[in-house]
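Before any comments, here is the structure.
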Amino acid sequence: MILHKAKFHTAIGHLYYLWTGTGNDPEVIFLGTGSKSLDNHLKQIMAVSGRAEAETGGSFTVSEKKSPLIEKKLIAYFKGAIKDTGLKTLFMAGSRFERRVWDAARKIPFGETSSYGLIAAAAGSPWAGRAAGNALGKNPVMIIIPCHRVIKSDGSCGGFSAGPDLKKKLLELEGISYTT
DNA sequence: TGCATGGCGCCGG
DNA sequence: ACCGGCGCCATGC
């Protein structure tokens, strides 16, 4: 399996991503704000695959390569031209619970918010709001899975792995403001 | 197996 | 409104 990694500049700063597939039909494996976070995710993938490799014999090669389509969609999103990137994702790490949480968060529409408790319930564990927060902190594809739309049940903003300021910025792009 | 660690939630003071 | 405490739950070491 071939994994591509690349970096580009956007309205919210540099973004680093990892992807696979073809130019017309890319699958995003990771999207984040730091090269370090990308490398960490790559490590997790290797750790997970190390176990799978024993059975399948499969392996990876990683190379630097851009995806014009991925970059175009994200830039259009930041410009406000589209409300959904429509990009495909591929989870190569993460527990069952984490994947369920990510899938639940993906369904939150542009301009709307949900809460950690509600996401936990949607993931099948109604009282696991805290754990849902942990899982969202490991969201491998920010923006594509809009975990920034998950806020605290009391209406306050809550945390964000890439920094609370960026969370507010992403929400403001959708007409939701946190002046405080 | 146990224990600490979180992007939480709720109730008191 | 702002805390502190306590309960909650999935992970990692």
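All values derive from a computational prediction rather than experimental measurement. By convention in this document, chain letters (A, B, ...) are assigned in the order of the sequence lines, proteins followed by strands, and residues within each chain are numbered from 1.
- Shortest non-hydrogen contact noted between A:Asp84 and A:Tyr77 is N-CD1, 4.3 Å.
- Pair assignment for B:dG12 gives C:dC3, based on Watson-Crick or G-U wobble hydrogen-bonding distances that are each under 3.5 Å.
- Base pairing annotation: B:dC3 forms a Watson-Crick or G-U wobble pair with C:dG12, both donor-acceptor distances under 3.5 Å.
- One can place CZ of A:Arg100 at 9 Å from P of C:dA10, the figure rounded to the nearest angstrom.
- Of the listed nucleotides (B:dG6, C:dC9, B:dG7), B:dG6 has the atom at the smallest distance from the side chain of A:Arg130.
- A:Cys157 comes within 4.0 angstrom of nothing in the nucleic acid, heavy atoms only.
- Looking at every heavy atom in both residues, A:Tyr17 comes nearest to A:Ser67 through OH-N, 2.9 Å.
- Salt-bridge check for A:Lys66 with A:Glu71: passed, with a basic side-chain N closer than 4.0 Å to an acidic carboxylate O.
- Across all strands shown, A:Tyr116 has heavy atoms under 4.0 Å from base atoms, whether or not it also approaches the sugar-phosphate.
- Among the protein residues, A:Ser153 comes within range of the sugar-phosphate backbone only, with heavy atoms under 4.0 Å from sugar or phosphate atoms but none that close to a base.
- Checking C:dA10, B:dG7, B:dG9 against every side-chain atom of A:Lys152, the shortest atom distance belongs to B:dG9.
- Protein atom CZ of A:Phe97 is 6 Å distant from nucleotide atom P of C:dA10, rounded to whole Å.
- Residue A:Ser177 comes nearest to A:Glu172 through the heavy atom pair CA-CG, 4.0 Å, listed as atom of the first residue, atom of the second, then distance.
- Within 4.0 Å (heavy atoms only), A:Gly129 reaches sugar-phosphate atoms of the nucleic acid but no base atom.
- No engagement by A:Gly158 is indicated, since no non-hydrogen atom pair under 4.0 Å with the nucleic acid exists.
- Distances from the side chain of A:Ala128 to the nucleotides C:dC9, B:dG7, C:dG12 place C:dC9 closest.
- Between the C1' atom of B:dG9 and the CD1 atom of A:Ile151 lies a distance of 14 Å, rounded to the nearest Å.
- The phosphate of C:dC9 (OP1 or OP2) has no side-chain N or O of A:Ser125 nearer than 4.0 angstrom.
- Using a 4.0 Å heavy-atom criterion, one finds that A:Ala131 contacts the bases of the nucleic acid, with or without backbone contacts as well.
- Comment: A:Asp103 engages A:Arg106 in a salt bridge, judged by a side-chain N to carboxylate O separation of less than 4.0 angstrom.
- Atom-to-atom, CZ of A:Phe160 to C1' of B:dC8 comes out at 17 Å; the value is rounded to the nearest Å.
- Note that CG of A:Leu42 and NZ of A:Lys5 are 6.5 Å apart. Values are rounded to the nearest 0.5 Å.
- Per the geometry, CH2 belonging to A:Trp127 stands 9 Å off P belonging to C:dC9, to the nearest Å.
- Across the protein-nucleic acid pair, A:Asn134 atom CG and B:dA4 atom C1' stand 12 Å apart, rounded to whole Å.
- Nearest nucleotide to the side chain of A:Ser161, out of B:dG9, B:dG7, C:dG12: B:dG7.
- At whole-Å resolution of the value, CG in A:Asp154 and P in B:dG7 are 17 Å apart.
- A:Tyr178 places its OH atom 13 Å from the C1' atom of B:dG7, with the value rounded to the nearest Å.
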